[in-house]
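Below, all heavy atoms of this structure are taken into account, side chains as well, without hydrogens, waters or symmetry copies.
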Amino acid sequence: MTKKIAVLAGDGIGPEIVAEAIKVLSFLNTDMKLELVFDNALIGGAAYDAFGTPLPQQTLNLCKNADAVLLGAVGGPKWEPLPHAVRPERGLLGIRSELNLFANLRPAVLYPQLADASTLKPEVVSGLDIMIVRELTGGIYFGTPRGIRVLENGERQGFNTKIYNESEIRRIAHVAFKIARKRHKKLCSVDKANVLEVTELWRQVVTEVGKEYPDVQLSHMYVDNAAMQLVRAPRQFDVIVTTNMFGDILSDTAAMLTGSIGMLPSASLDANAKGMYEPIHGSAPDIAGQGVANPLATILSVAMMLRYTFNETTAAERIERAVNSALDAKVRTADIYSEGMTKVGTSAMGDAVVNALKGV
Ligand code: NAD
């Protein structure tokens, strides 16, 4: 059966890095008869320039009809003066909510070849391989009532609501337990159950769901401790599941343990494992059009797509091994370059991964 992928290259370095990910997927498509088909559409600033909106209806339709979406990045200085409603980033938020992508998967993997890129000591981060599962469509970022009001005494008051229904917690917990099963079978749920009732419920529901996964070792941690442990001894974690805001903050911390924004992929999934896959970095306008961006985060994003949406584990592992081989061969884009390595551009890095794929 054919597998439909909507390809949204976006703005800035988006088209350059997405081209390399498609190069890798196309090679595997032929090599392993994966039956992938690709369809392109505009999003972000590019879509605004062509249609006056960052998320045209035809792009949304294409994404809805696809099995998975590959996204480059959106945004750039050209579109910053636009009103918020038509800013490129709105295109992304629109797809996330229209496709109900409630589970955000952010791996933080430190490649041993890049251990020096981390700000932490190599002995603390070497071998780091964490998956953070962040709830993406609920919690305090969406809860109501919210706003800024003026009190009777004339003082202004800002307020937000952190709210989770049991069903929202249950579905993200299931995603996290299933991922833990595919990894080292350890899940740490992060909350603030000692202070916030909403996360007391979070802890109760995650514990209940855990009874269905007796093979996964479940632990709980308060978010302040989790932040500390992530920089003190990050290798204790396998999979972390947490709320929208805690996940936002902790996943950026975990990402930076690896020291290289150009290496980190992400996935956002719905209840049926349909997903949008994208690098965690933005459109990097400062280097756009120069052919120097690191395409590995995007290439690793399509490995996630093969694993989580298409269940093509072997193909996913081949990409991950090929990235490792390319790094072993001392090939580096500028952002991860160090002395003694061979500096290459975006396209040559993609070629290096395809070449490595032939041997793994
Ligand atoms: P950024 O991630 O685009 O860039 C931060 C720094 O990292 C820059 O110096 C950039 O050159 C570098 N960098 C990023 N990706 C790289 C890569 N693959 N290879 C080499 N270097 C890389 O963040 P920013 O500068 O804050 O934002 C730029 C634009 O991107 C803004 O318009 C912002 O809104 C947008 N943005 C989009 C997304 C997204 O599409 N998901 C995410 C974050 C930011």
Within a radius of less than 6.0 Å around [atom1] of [X], do more than 12 heavy atoms belonging to other residues, nucleotides or ligands occur?
{"X": "K23", "atom1": "NZ", "answer": "yes"}
{"X": "E197", "atom1": "CD", "answer": "no"}
{"X": "I249", "atom1": "CD1", "answer": "yes"}
{"X": "I148", "atom1": "CD1", "answer": "no"}
{"X": "K182", "atom1": "NZ", "answer": "yes"}

If you compare all heavy atoms of [X] against all heavy atoms of [Y], which two are closest, and at what distance to 0.1 Å?
{"X": "R235", "Y": "E123", "value": "NH2-O, 2.9 Å"}
{"X": "E135", "Y": "G138", "value": "OE1-N, 2.7 Å"}
{"X": "A293", "Y": "T333", "value": "O-CG2, 3.8 Å"}
{"X": "G45", "Y": "P88", "value": "N-CB, 3.5 Å"}
{"X": "A46", "Y": "G10", "value": "CB-O, 4.2 Å"}
{"X": "A352", "Y": "V331", "value": "CB-CG1, 4.3 Å"}

Any side-chain heavy atom of [X] sitting closer than 4.5 Å to one from [Y]?
{"X": "T258", "Y": "Y111", "answer": "no"}
{"X": "I169", "Y": "Q204", "answer": "no"}
{"X": "L357", "Y": "D31", "answer": "no"}
{"X": "R96", "Y": "T137", "answer": "no"}
{"X": "L201", "Y": "Y164", "answer": "no"}
{"X": "L269", "Y": "K274", "answer": "no"}
{"X": "D238", "Y": "K185", "answer": "no"}
{"X": "R318", "Y": "F27", "answer": "yes"}

Side-chain heavy atoms nearer than 4.5 Å, only ILVMFWY residues, links allowed to pass through others: does that put [X] and [Y] together?
{"X": "V205", "Y": "I172", "answer": "yes"}
{"X": "L25", "Y": "M349", "answer": "yes"}
{"X": "I336", "Y": "V344", "answer": "yes"}
{"X": "I299", "Y": "L71", "answer": "no"}
{"X": "V133", "Y": "L300", "answer": "yes"}

Can you measure from [atom1] ([X]) to [atom2] ([Y]) and round to the nearest 0.5 angstrom?
{"X": "L92", "Y": "R87", "atom1": "CG", "atom2": "CZ", "value": "12.5 Å"}
{"X": "I179", "Y": "R183", "atom1": "CD1", "atom2": "CZ", "value": "8.5 Å"}
{"X": "L36", "Y": "S26", "atom1": "CG", "atom2": "OG", "value": "8.0 Å"}
{"X": "Q113", "Y": "M263", "atom1": "CD", "atom2": "CE", "value": "8.0 Å"}
{"X": "T243", "Y": "L136", "atom1": "OG1", "atom2": "CG", "value": "11.5 Å"}
{"X": "E35", "Y": "T2", "atom1": "CD", "atom2": "OG1", "value": "7.0 Å"}

Consider side chain to side chain contact (heavy atoms under 4.5 Å, CB included). Of L196, V241, V190, T207, which one does W202 pass it with?
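Only one of L196, V241, V190, T207 forms a side chain to side chain contact (heavy atoms under 4.5 Å, CB included) with W202, namely V241.
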
Residue among L128, D129, L230, I132 satisfying side chain to side chain contact (heavy atoms under 4.5 Å, CB included) with F237:
L230

Just by distance, do the side chain of [X] and the backbone of [Y] share a donor-acceptor pair under 3.5 Å?
{"X": "T242", "Y": "R134", "value": "no"}
{"X": "E168", "Y": "N165", "value": "yes"}
{"X": "S118", "Y": "L120", "value": "yes"}
{"X": "E16", "Y": "I13", "value": "no"}
{"X": "T298", "Y": "P279", "value": "no"}
{"X": "K3", "Y": "L34", "value": "yes"}
{"X": "R332", "Y": "L327", "value": "yes"}
{"X": "S189", "Y": "V206", "value": "no"}
{"X": "S301", "Y": "E278", "value": "yes"}
{"X": "D270", "Y": "L101", "value": "no"}

Can a cation-pi geometry be assigned to R181 and Y213, taking NZ or CZ under 6.0 Å from the six-membered ring centre and within 45° of the ring axis?
no

F102 six-ring face occupied by R171 cation (under 6.0 Å, within 45°)
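Verdict for F102: a cation-pi partner in R171.
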
Under the side-chain hydrogen bond (donor to acceptor under 3.5 Å, both in side chains) test, residues paired with E208 that sit two or more places apart
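side-chain hydrogen bond (donor to acceptor under 3.5 Å, both in side chains) check on E208 returns R170.
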
Do the side-chain N and O atoms of [X] and [Y] include a donor-acceptor pair separated by under 3.5 angstrom?
{"X": "N160", "Y": "Y141", "result": "no"}
{"X": "Y277", "Y": "T309", "result": "yes"}
{"X": "E320", "Y": "N324", "result": "no"}
{"X": "W79", "Y": "D11", "result": "no"}
{"X": "D335", "Y": "N294", "result": "yes"}

Between E98 and K64, is there a salt bridge with N-O shorter than 4.0 Å?
yes

Can V124 and L257 be said to form a side chain to side chain contact (heavy atoms under 4.5 Å, CB included), step by step?
CA-CA 10 Å; V124 175; L257 297 177; over 6 Å; no

Begin with the C-alpha distance, continue with both residues' side-chain angles, and end with the deciding distance and a verdict on side chain to side chain contact (heavy atoms under 4.5 Å, CB included) for V7 and V18.
CA-CA 8 Å; V7 181; V18 163; 3.5 Å; yes

Verdict with reasoning, L42 to L8, per side chain to side chain contact (heavy atoms under 4.5 Å, CB included):
CA-CA 6 Å; L42 294 177; L8 315 180; over 6 Å; no

Looking at N61, T53, T59, which one forms a side chain to side chain donor-acceptor pair (under 3.5 Å) with Q57?
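That would be N61.
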
Output, in order, the C-alpha distance, side-chain angles, deciding distance and verdict of side chain to side chain contact (heavy atoms under 4.5 Å, CB included) for F142 and N244.
CA-CA 9 Å; F142 293 91; N244 200 342; 3.6 Å; yes

